[in-house]
K.L.:
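One structure, as structure tokens, below. Some questions next.
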Amino acid sequence: MASPMQISPGELGRVWAAAYEGKTARLCLALNTGGLTKASTTAQWDAVELSGNGYSRVSWTLPAGAFDATADRFQVDERLCSFTASANGAGLTYDTVYLVIGSGSPTTWATSIYGLFTENPNIALPPGAPRSYRIRLFTDDVIVTA
């Protein structure tokens, strides 16, 4: 039977620091017309990333985090990521928001995405319209099977 194992706050912090702290994250918008999935590569997602009409991906450096005893997980504060269609363009249409983590300078992006969020129906931002996403990354559990 599978059960969650309790991971110590120190170990969750060590995992966060080794895997994410100080690395670069980028949140991107895409129109997925080719059946891409969470298993698709970063290159495949980047090939359908939006361009033009005021679009630009949002990038930031992942900070040190802290253990949240109430949520029982190690996390970083939310990051508000906003996208705005150009006021004099054709707007933006997308159906997927995806996150990629990279490291180094210049940044080398991971070959796989961190995760994705699918909008259904598609989002159609008219010219000048904004849309924001709140991103909170965290580490928490491991499952043990006996």
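This one's a predicted model, so the numbers in the text were calculated from it and none came from an experiment. Numbering starts at 1 and runs along the sequence shown.
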K.L.:
Return the minimal non-hydrogen interatomic distance between Ser112 and Thr42, and the atom names on each side.
P.N.:
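That closest heavy-atom pairing would be C-OG1, 3.2 Å.
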K.L.:
Please tell me whether Tyr55 and Ile113 are part of a single hydrophobic cluster in this structure, the criterion being side-chain heavy atoms less than 4.5 Å apart.
P.N.:
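Different hydrophobic clusters.
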K.L.:
Roughly how far apart are Tyr94 OH and Thr118 OG1, rounded to 0.5 Å?
P.N.:
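Rounded to the nearest 0.5 Å, the OH-OG1 separation comes to 12.0 Å.
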K.L.:
Heavy-atom count check: over 12 atoms from other residues, nucleotides or ligands less than 6.0 Å from Lys23 NZ?
P.N.:
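For Lys23, atom NZ is crowded (more than 12 foreign heavy atoms under 6.0 Å).
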K.L.:
Decide whether Trp109 and Trp60 are clustered together by the hydrophobic rule: side chain heavy atoms of Ile, Leu, Val, Met, Phe, Trp, Tyr closer than 4.5 Å, transitively.
P.N.:
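In one cluster: no.
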K.L.:
Quick check for you: to the nearest 0.5 Å, what is the distance between Ile101 atom CD1 and Thr108 atom OG1?
P.N.:
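Between Ile101 CD1 and Thr108 OG1, I get 14.0 Å after rounding to 0.5 Å.
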K.L.:
Answer yes or no: is there a donor N or O on one side and an acceptor on the other, between the side chain of Asn32 and the main chain of Leu36, under 3.5 Å?
P.N.:
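Confirmed, Asn32 side chain pairs with Leu36 backbone.
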K.L.:
Grab the two heavy atoms, one from Ala124 and one from Pro126, that are nearest each other, plus how far apart they are.
P.N.:
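Between these two residues, the closest heavy atoms are O-CD, 3.3 Å.
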K.L.:
Compare every heavy atom of Pro127 with every heavy atom of Ala87, then report the nearest pair and how far apart it is.
P.N.:
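Shortest heavy-atom contact: O-CB, 3.5 Å.
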K.L.:
Is a side-chain donor or acceptor of Asn53 paired with a backbone partner of Ala85 at a separation under 3.5 angstrom?
P.N.:
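Side chain of Asn53 to backbone of Ala85: no pair is present.
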K.L.:
Is the terminal nitrogen or CZ of Arg73 (NZ for Lys, CZ for Arg) located under 6.0 angstrom from the six-membered ring centre of Phe138 and within 45° of that ring's axis?
P.N.:
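Verdict for Phe138: a cation-pi partner in Arg73.
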K.L.:
Nearest 0.5 Å please: distance from the OG1 atom of Thr24 over to the CG atom of Leu62.
P.N.:
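Rounded to the nearest 0.5 Å, the OG1-CG separation comes to 7.5 Å.
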K.L.:
Between Thr41 and Gln44, do the side chains contain an N or O donor and an N or O acceptor separated by less than 3.5 Å?
P.N.:
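There is such a pair (donor and acceptor under 3.5 Å, judged by atom type) between the side chains of Thr41 and Gln44.
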K.L.:
For the side chain of Thr61 and the backbone of Gly22, is there at least one donor-acceptor N/O pair under 3.5 Å apart?
P.N.:
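Flag not set: sc Thr61 to bb Gly22 has no pair under 3.5 Å.
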K.L.:
Counting neighbours of CG on Asp77 that are heavy atoms of other residues, nucleotides or ligands and sit closer than 6.0 Å, is the number greater than 12?
P.N.:
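No - once you tally the heavy atoms of other residues, nucleotides and ligands closer than 6.0 Å, there are 12 at most.
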K.L.:
Salt bridge or not for Arg14 and Glu21, using N-O below 4.0 Å?
P.N.:
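Answer for the salt bridge query: no.
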K.L.:
If you take all heavy atoms of Ile135 and Cys81, which pair is closest and at what distance?
P.N.:
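Minimum heavy-atom separation between Ile135 and Cys81: CG1-SG, 4.1 Å.
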K.L.:
Do Tyr20 and Leu137 come within less than 4.5 Å of each other through their side chains, counting heavy atoms only?
P.N.:
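Tyr20 vs Leu137: side chains apart.
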K.L.:
Side-chain heavy atoms under 4.5 angstrom apart, residues restricted to Ile, Leu, Val, Met, Phe, Trp, Tyr: same cluster for Leu92 and Leu27?
P.N.:
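Yes, one cluster joins them.
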K.L.:
Under the criterion side-chain contact (heavy atoms from CB on, under 4.5 Å), I'd like the reasoning laid out for Asp46 against Tyr98: C-alpha separation, chi angles, the key distance, then a yes or no.
P.N.:
CA-CA 10 Å; Asp46 287 350; Tyr98 67 100; 2.7 Å; yes
K.L.:
Consider only side-chain heavy atoms of I, L, V, M, F, W and Y, link residues closer than 4.5 Å, and tell whether Leu99 and Val15 are in one cluster.
P.N.:
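As far as the 4.5 Å side-chain criterion goes, Val15 and Leu99 are not connected within one cluster.
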K.L.:
Does the Arg136 side chain pair with the main chain of Val76, one donor and one acceptor, at a distance under 3.5 Å?
P.N.:
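Yes, Arg136 side chain to Val76 backbone: donor-acceptor pair under 3.5 Å.
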K.L.:
How long is the gap from CD1 on Ile7 to CG on Leu12, to the nearest 0.5 Å?
P.N.:
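Between Ile7 CD1 and Leu12 CG, I get 6.5 Å after rounding to 0.5 Å.
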K.L.:
Can you measure from OG1 (Thr96) to CD (Glu49) and round to the nearest 0.5 angstrom?
P.N.:
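That separation rounds to 11.5 Å.
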K.L.:
Please answer whether the main-chain N or O of Thr37 pairs with a side-chain N or O of Trp45 as donor and acceptor at a distance below 3.5 Å.
P.N.:
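Side chain of Trp45 to backbone of Thr37, a donor-acceptor pair under 3.5 Å: yes, one is there.
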K.L.:
Using side-chain heavy atoms (C-beta onward) and a distance below 4.5 Å, is Phe83 in contact with Leu29?
P.N.:
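They are in side-chain contact.
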K.L.:
Compare all side-chain heavy atoms of Thr93 with those of Ile123 and state whether any distance is below 4.5 angstrom.
P.N.:
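Thr93 vs Ile123: side chains apart.
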K.L.:
May I ask whether Phe117 and Val58 are part of the same hydrophobic cluster, defined by side-chain heavy atoms of I, L, V, M, F, W, Y residues being less than 4.5 angstrom apart, directly or through others?
P.N.:
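Same cluster.
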K.L.:
Quick check for you: to the nearest 0.5 Å, what is the distance between Arg57 atom CZ and Arg26 atom CZ?
P.N.:
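Reported to 0.5 Å precision, the distance equals 3.5 Å.
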